[in-house]
Number of protein chains: 2
Amino acid sequence: MPSTTVEDYLKRLYMLQQQTERRLVSMGSFAAAVGVAPGTATAMVKTLEDSRLVEYESRQGVRLTDAGERLALHVLRRHRLVEQFLVEVLGLDWSEVHPEAEVLEHAISDKVLARIDELLGHPEVDPHGDPIPTPAGDVADRTLASLAECEIGQPMRVAQVLDQDERFLRFADESGLTPGIDLTVESRDDVADAVTVRAGERDAVTVGTSVAAKILVEGV
Amino acid sequence: MPSTTVEDYLKRLYMLQQQTERRLVSMGSFAAAVGVAPGTATAMVKTLEDSRLVEYESRQGVRLTDAGERLALHVLRRHRLVEQFLVEVLGLDWSEVHPEAEVLEHAISDKVLARIDELLGHPEVDPHGDPIPTPAGDVADRTLASLAECEIGQPMRVAQVLDQDERFLRFADESGLTPGIDLTVESRDDVADAVTVRAGERDAVTVGTSVAAKILVEGV
DNA sequence: GATGTAATTTTGATTAGTCAAAATGAGTAA
DNA sequence: TTACTCATTTTGACTAATCAAAATTACATC
């Protein structure tokens, strides 16, 4: 029933909310995240409010209602299952599946989604380590440290990569910074704003803090 | 680049053209096939003409240009490969894949399509026996007889079923009238407007001529 | 040739989604 | 308070796609 456009707005709002205290998202950041002019976002938010998918207080901000969040998570589930499917079944590279899933997430029926889920053996994460919401809309919330903050010298395993940019993902792949890989942070240099990690037998890799912050790890 | 709507109009026009002498399609039948009001079809045809996807003479009819046909065949290829994929890989029933493919045909990229084609081993027909156009836009044109006109008593094999309706397809399945099945026409009764066929060890099945005309067979 | 019918085209309106630019308002600095 | 800045909202306009209903036209029939 909701249009592709509406699904997109809700998904973006959900993702923004995750990074916002009190879940309240400003119009400006919302418009930017969706990629439309500010006025367009205001207009859409009003129609979303009419459909009871968001709460909105003029000049305060927007927030998903329960119904809106449910829908957003449904879209996110489709997106991530599709990504996993494209990598596991069709053999695409993890760096190229995001834009494909961005389209397919609006075209997959519940029936097809269920089959994909089954075929994949009910995966819990997508190729980037992002958790796949359950059909009921539950998301595993792991609290993961990033390479920019985790303990030095401890054996760690990459769990999630927080960037969908194709070039970034190819770089991460070449550097061995992909989910499942074991590594240790060798050193961190605040002045150089850099982190050096070593994954197994590979050469050590040094990346800037902003990149390190996008690689989430868990203890192993 | 072309919208989902445009893709749909072109695909429908292609399919109508196949049943029309001189490939010229009337506005009325075009509008009906797409499922819009006549005026809507007229308007769309004009914009398609501006894009050089159709030729159009007022009150005469519409016809695809080469560019239009190429695009239509591309959509048809996506549709049929997706149907085959849904049945072969995801295990959906042939009676339920048409509406799914109707949506997915507009959401599949060339890259994903190529992977699907490969995974399926470059199939030549979809689950209903409809030929899958090649990437270059060539369609195998077999000249198949239907159960309403083929020779009586000769061993035949079902090649194609010309109806996408879910109920019809379930009926065909139950009656053993699916592509690949071997059968013979036992008798044809013009007065009763009926055709009786026997498939292997099964009980003979009698169907009306209008149904028989939808089941295409080839000599075996 | 005149007329009637039915298909087709035109017209006027609507909805969803969008932008640019003007107007508004809330908070900060003076 | 007053003024200023910047985010937000409003306004006016546009495009794609649609419909209903009025106007047109081609064709068959008389």
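Per chain, numbering begins at 1; letters A, B, ... match sequence-line order.
One atom, CD of A/Glu57, and another, C1' of D/dT9, lie 14 Å apart when rounded to the nearest Å. Rounded to whole angstrom, the span from the CE atom of B/Met44 across to the C1' atom of C/dT8 amounts to 18 Å. Look at CG on A/Asp50: it is 13 Å from P on C/dG17, rounded to the nearest Å. Rounded to a whole Å, the CZ atom of A/Arg12 is 15 Å from the P atom of C/dG17. Look at CG on B/Asp8: it is 18 Å from P on D/dA16, rounded to the nearest Å. Whole-Å rounding puts the B/Lys46 NZ to C/dT8 C1' distance at 10 Å. When the P atom of D/dT15 is taken as reference, atom CE of B/Met1 falls 18 Å away, rounded to whole Å.
Look at A/Thr5 and you won't find any side-chain N or O under 4.0 angstrom from OP1 or OP2 of C/dA16. Between C/dA16 and A/Tyr9, no contact under 4.0 Å exists linking OP1 or OP2 to a side-chain N or O.
Looking at heavy atoms from C-beta onward, B/Val207 lies out of side-chain contact with B/Ser175 at the 4.5 angstrom threshold. In this structure, B/Val36 and B/Met44 have side chains that are not in contact, with every pair of non-hydrogen atoms separated by 4.5 Å or more. B/Leu81 places a side-chain heavy atom less than 4.5 Å from the side chain of B/Pro123.
Checked for salt-bridge contact, A/Lys11 and A/Glu105 meet the test: a charged N lies under 4.0 Å from a carboxylate O.
For the residue pair B/Thr209 / B/Asp193, a side-chain donor-acceptor distance below 3.5 Å is found, with atom types taken as modelled. A donor and an acceptor atom, one from each side chain of A/Glu55 and A/Thr65, are nowhere located under 3.5 Å apart.
A/Thr40 comes within contact range of at least one nucleobase, with a heavy-atom separation under 4.0 Å. B/Phe30 comes within 4.0 angstrom of nothing in the nucleic acid, heavy atoms only. Heavy atoms of A/Thr47 sit nowhere under 4.0 angstrom from any nucleic acid atom.
Taking the six-membered ring where the residue is Trp, the centroids of A/His79 and A/His98 are separated by under 6.0 Å.
When each of A/Val36 and B/Ala43 is assigned the nucleotide of DNA chain C with its nearest heavy atom, B/Ala43 is the one assigned upstream, toward the 5' end.
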Protein N or O to nucleotides 6-8 of chain D N or O, pairs below 3.5 Å:
{"residue": "D/dT8", "atom": "OP2", "partner": "A/Gly28", "partner atom": "N", "Å": "2.6"}

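Listed nucleotides: D/dC19, D/dA17, C/dT18. Nearest to the side chain of B/Ala37: D/dC19.
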